[in-house]
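Working notes, beginning with the structure itself.
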Protein chains: 2
Amino acid sequence: MKAHATYAGASCHHGQAGESCANCKVRLVSVCSALEAADLHLLEEMARSVCFPAKATLFSQGDPADAVYTITSGVARLYKLLPDGRRQIVGFALPGDFLGLAMQEANGFSVDAVDPVVACRFPRKAYAALVDEKPHVLHRLHEFATHELTLAQDHMMLLGRRTAEEKVVAFLLGMRERWAKLDRLSINVPLPMSRQDIADFLGLTIETVSRTFTKLARDKTIVIVPDGVRLMNLEHMETLAAA
Amino acid sequence: MKAHATYAGASCHHGQAGESCANCKVRLVSVCSALEAADLHLLEEMARSVCFPAKATLFSQGDPADAVYTITSGVARLYKLLPDGRRQIVGFALPGDFLGLAMQEANGFSVDAVDPVVACRFPRKAYAALVDEKPHVLHRLHEFATHELTLAQDHMMLLGRRTAEEKVVAFLLGMRERWAKLDRLSINVPLPMSRQDIADFLGLTIETVSRTFTKLARDKTIVIVPDGVRLMNLEHMETLAAA
DNA sequence: CGAAGAATTGAGTCCTATCAAATGCCGTGG
DNA sequence: CCACGGCATTTGATAGGACTCAATTCTTCG
């Protein structure tokens with residue numbers, strides 16, 4: 001199961017600056033799609049491709065936000081911590097996703113790489129200037145923000161009012177849909193994140209997540225495969241998630 | 001305890017169009033602050049003051065979004081429902097708050113009045129046109145959206161990882177802060193919404209909310225008063241909420 | 001004053017968390 | 001190649017916090 005191999009295979013060796021935005025695999029699904037071909041070189045001037053090995057930190061909650069990112073390949077987790085160590089993952093960023101919508105002085109959450117991540121980094125000041133100059137980009141940014149807000153509201157529903165099984169099923173369907181937009185639609189859903197990550201996303205413990213996976217597997221609703229799951233009974237899952 | 005009497009007292013009798021945006025009590029905290037005095041008449045042309053008695057519906061999830069609103073007085077609840085009736089309140093809208101950030105075809109949640117609500121209604125098309133024309137307004141809208149997103153992420157942390165007592169305490173502190181920005185800072189926190197609303201906001205049951213209030217009152221952390229609570233031990237509450 | 005809804009209180013249960021142990025999975029190095 | 005060690009995951013047993021069901025008590029308002 002390497003459904004996301006296309007993205008995972010992206011470069012990170014040649015280091016240096018953004019090897020041409022025009023060829024960027026995620027451009028059309030990213031904020032950059034707001035720019036005409038003519039403006040792309042503006043981006044290239046400020047962009048810089050950076051990579052992070054698995055578990056590396058892109059930035060931390062409270063840090064001054066000196067840059068924004070678009071994920072080029074790999075998956076990152078966005079999370080908040082309580083002083084006593086409890087963690088809530090507020091989202092997973094997939095290729096094409098934008099980090100830094102808030103445009104605030106300090107980051108509201110921490111982000112680190114789940115698997116090796118390649119991202120396009122823009123200095124915040126230069127980026128803010130571009131946004132001020134091109135209302136079109138701001139418009140696109142606002143679209144992203146409201147989309148995120150919608151996702152956040154759906155997730156509140158999930159966290160506050162759904163059972164463990166419903167949470168896991170909704171999570172799997174959600175991941176499937178997100179991969180489908182990037183890759184090819186597949187009943188194989190890649191899950192690069194750990195069970196602990198899933199638990200912290202769904203407001204559960206790792207044990208409950210694990211038990212729920214095995215229960216779904218016993219039901220023949222899913223099959224657990226290396227690095228992911230295969231969905232065997234979509235209809236049943238949709239029913240559970242709608243419930 | 002009528003800490004919000006200033007707003008609750010706002011007009012709704014004379015009906016008709018927006019009695020001058022320049023005099024609007026919430027203008028400076030609303031999206032409208034993005035407009036110069038010179039542009040305010042543009043708003044007045046499209047705005048229309050509307051009022052809703054307690055429990056009335058402003059709009060429902062899935063409805064075509066034909067208007068956006070700024071709350072002028074009163075409190076509204078934003079919520080999502082599951083087919084089986086479970087409800088998650090995703091936020092409370094106070095005076096100055098904006099409804100319709102998404103600018104999408106269909107509303108992503110339902111909204112109804114907790115107590116009598118007065119709102120400033122803008123037809124969506126006219127509003128969208130204004131936004132397209134004035135990047136400054138879009139910028140302000142985006143500020144609101146990212147602020148909402150930050151609140152939503154904090155709320156995910158609360159829903160997923162906090163205990164019942166922490167939830168209630170964080171809720172009270174949050175409401176206190178929001179009223180403080182409108183009204184005068186006070187240890188009296190108005191709570192126009194019902195216990196059931198609070199429960200559906202915090203991902204708890206009404207009984208658990210009630211028991212937690214009683215426990216906090218026994219502790220002398222709060223005093224329960226008609227239409228709200230009085231916070232008697234802020235320091236203790238901050239500790240619980242930080243934890 | 002009395003009815004209807006809201007809030008509180010009580011008793012018992014259940015879902016999920018907690019604590020603990022076993023198993024599986026890899027990369028390392030002999 | 002395979003044994004070893006460390007980490008992730010699964011499985012088991014038990015406990016507890018919040019839920020459910022049910023009964024009062026309190027408010028509000030006609």
Side-chain angles (χ1 to χ4, degrees), chain A residues 1 53-55 77 82 84-89 114-116 158-172 191-219 222-229 240 243, chain B residues 1-2 53-55 77 82 84-89 114-116 158-172 190-219 222-229 240 243:
Chain A
M1 149 115 41
K55 297 183 187 175
R77 54 179 170 249
L82 290 177
D84 65 3
R86 281 175 288 176
R87 183 177 69 155
Q88 176 67 45
I89 290 184
V114 166
D115 52 7
L158 178 148
L159 289 169
R161 287 297 181 228
R162 308 199 86 122
T163 65
E165 185 175 41
E166 290 170 349
K167 286 178 177 181
V168 169
V169 168
F171 169 68
L172 295 178
L191 297 176
M193 68 291 290
S194 70
R195 293 289 189 267
Q196 185 64 62
D197 288 338
I198 297 173
D200 287 346
F201 183 56
L202 300 179
L204 298 171
T205 59
I206 185 175
E207 293 94 333
T208 299
V209 170
S210 181
R211 278 186 243 276
T212 307
F213 269 84
T214 43
K215 177 176 178 302
L216 291 170
R218 259 202 313 274
D219 289 353
I222 66 172
V223 174
I224 299 172
V225 299
D227 302 316
V229 297
L240 283 177
Chain B
M1 144 113 44
K2 284 289 174 189
K55 297 184 187 174
R77 55 180 169 249
L82 289 178
D84 65 3
R86 282 175 287 176
R87 182 177 69 155
Q88 177 67 44
I89 291 184
V114 167
D115 53 7
L158 178 147
L159 289 169
R161 287 299 180 226
R162 308 200 88 124
T163 65
E165 185 174 40
E166 290 170 349
K167 286 178 177 182
V168 169
V169 167
F171 169 68
L172 294 177
L191 297 177
M193 67 292 289
S194 70
R195 294 288 190 267
Q196 185 64 62
D197 288 339
I198 297 173
D200 287 346
F201 183 56
L202 300 179
L204 298 172
T205 59
I206 185 175
E207 294 95 331
T208 299
V209 170
S210 181
R211 279 186 243 275
T212 307
F213 270 83
T214 313
K215 177 178 177 301
L216 291 170
R218 259 203 314 272
D219 288 354
I222 65 173
V223 174
I224 299 172
V225 298
D227 302 315
V229 297
L240 283 177

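Naming: A, B, ... by sequence-line order, numbering from 1 per chain.
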Using the rule given for side-chain contact (heavy atoms from CB on, under 4.5 Å), can you reason through B:Arg87 versus B:Asp197, listing the C-alpha separation, both sets of side-chain angles and the distance that settles it, and then say yes or no? CA-CA 9 Å; B:Arg87 182 177 69 155; B:Asp197 288 339; 2.8 Å; yes
Between the OG atom in A:Ser210 and the CG atom in A:Leu204, the distance rounded to the nearest 0.5 Å is 12.0 Å
Can you confirm whether A:Gln88 sits close enough to A:Leu159 that some side-chain heavy atom of one is under 4.5 Å from a side-chain heavy atom of the other? yes
Determine the minimum heavy-atom distance between A:Ile89 and A:Arg77, stating which atoms define it. CD1-CD, 4.0 Å
With sequence neighbours left out, the residues meeting side-chain contact (heavy atoms from CB on, under 4.5 Å) with A:Ala54 are A:Pro116
Partner residues of A:Leu158 under the side-chain contact (heavy atoms from CB on, under 4.5 Å) criterion, sequence neighbours left out: A:His155, A:Arg162, A:Lys167, A:Ala170, A:Leu202
Using only side-chain N and O atoms of B:Thr214, determine if any of them is under 4.0 Å from OP1 or OP2 of C:dT8. no
Rounded to whole Å, please give me the gap between CD1 in A:Ile206 and P in D:dT10. 8 Å
Run the numbers on B:Leu216 and B:Glu165 for side-chain contact (heavy atoms from CB on, under 4.5 Å), then give the verdict. CA-CA 8 Å; B:Leu216 291 170; B:Glu165 185 174 40; 3.7 Å; yes
Overall bend of the helix from C:dC1-D:dG30 to C:dG30-D:dC1 (five pairs an end, 10° steps) is 30°
The side chain to side chain donor-acceptor pair (under 3.5 Å) partners of B:Arg161 (sequence neighbours excluded) come to A:Asp200
Determine, step by step, whether A:Leu191 and A:Phe171 satisfy the side-chain contact (heavy atoms from CB on, under 4.5 Å) criterion, reporting the C-alpha distance in whole Å, the side-chain angles of both residues, the deciding distance to 0.1 Å, and the verdict. CA-CA 11 Å; A:Leu191 297 176; A:Phe171 169 68; 4.0 Å; yes
On DNA chain C, more 5' by nearest nucleotide between B:Arg218 and B:Lys55 is B:Lys55
Pairs in or reaching into residues 201-214 of chain B: which pass salt bridge (Lys or Arg N to Asp or Glu O under 4.0 Å), with residues at least two apart or in two chains? none
Under the rule for side chain to side chain donor-acceptor pair (under 3.5 Å), what residues qualify as partners of B:Thr208, not counting sequence neighbours? B:Thr205
Pairs under 3.5 angstrom, nitrogen or oxygen only, protein versus nucleotides 12-17 of chain D, please.
{"from": "D:dG12", "atom 1": "N7", "to": "A:Arg211", "atom 2": "NH1", "distance (Å)": "2.9"}
{"from": "D:dG12", "atom 1": "O6", "to": "A:Arg211", "atom 2": "NH2", "distance (Å)": "3.1"}
{"from": "D:dA13", "atom 1": "N6", "to": "A:Arg211", "atom 2": "NH2", "distance (Å)": "3.3"}

Quick one: B:Ile222 CD1 to C:dA7 C1', roughly how many Å, whole number? 14 Å
Where along residues 194-204 of chain A does a heavy atom come under 4.0 Å from DNA chain D, residue by residue in number order? A:Ser194, A:Arg195
Tabulated below should be each protein N or O lying under 3.5 Å from an N or O of nucleotides 27-30 of chain D; please produce it.
none

Contacts of type ring pair (Phe, Tyr, Trp, His ring centres under 6.0 Å), residue A:Phe213, not counting sequence neighbours: none
Specify the closest pair of heavy atoms between A:Val114 and A:Pro192, including all atoms of both residues, with the distance to one decimal. CG1-O, 3.4 Å
Could you list, one pair per line, each protein nitrogen or oxygen that sits under 3.5 Å from a nitrogen or oxygen of nucleotides 21-23 of chain C, together with the distance?
none

Carefully, step by step, assess A:Val169 and A:Thr212 under the rule side-chain contact (heavy atoms from CB on, under 4.5 Å). CA-CA 9 Å; A:Val169 168; A:Thr212 307; over 6 Å; no
For the pair made of NZ in A:Lys167 and P in C:dC15, what is the distance, rounded to whole Å? 14 Å
Name the nucleic acid region contacted by B:Ser210, choosing base, sugar-phosphate or nothing; use a 4.0 angstrom heavy-atom cut-off, strictly under. base
Check the distance between D:dA8's C1' and A:Met193's CE and give it to me in whole angstrom. 15 Å
Sequence neighbours excluded, which residues qualify as side-chain contact (heavy atoms from CB on, under 4.5 Å) partners of B:Arg218? B:Thr214, B:Lys215
Please report the closest heavy-atom contact between B:Ala217 and B:Ile224, naming both atoms and the distance. CB-CD1, 4.2 Å
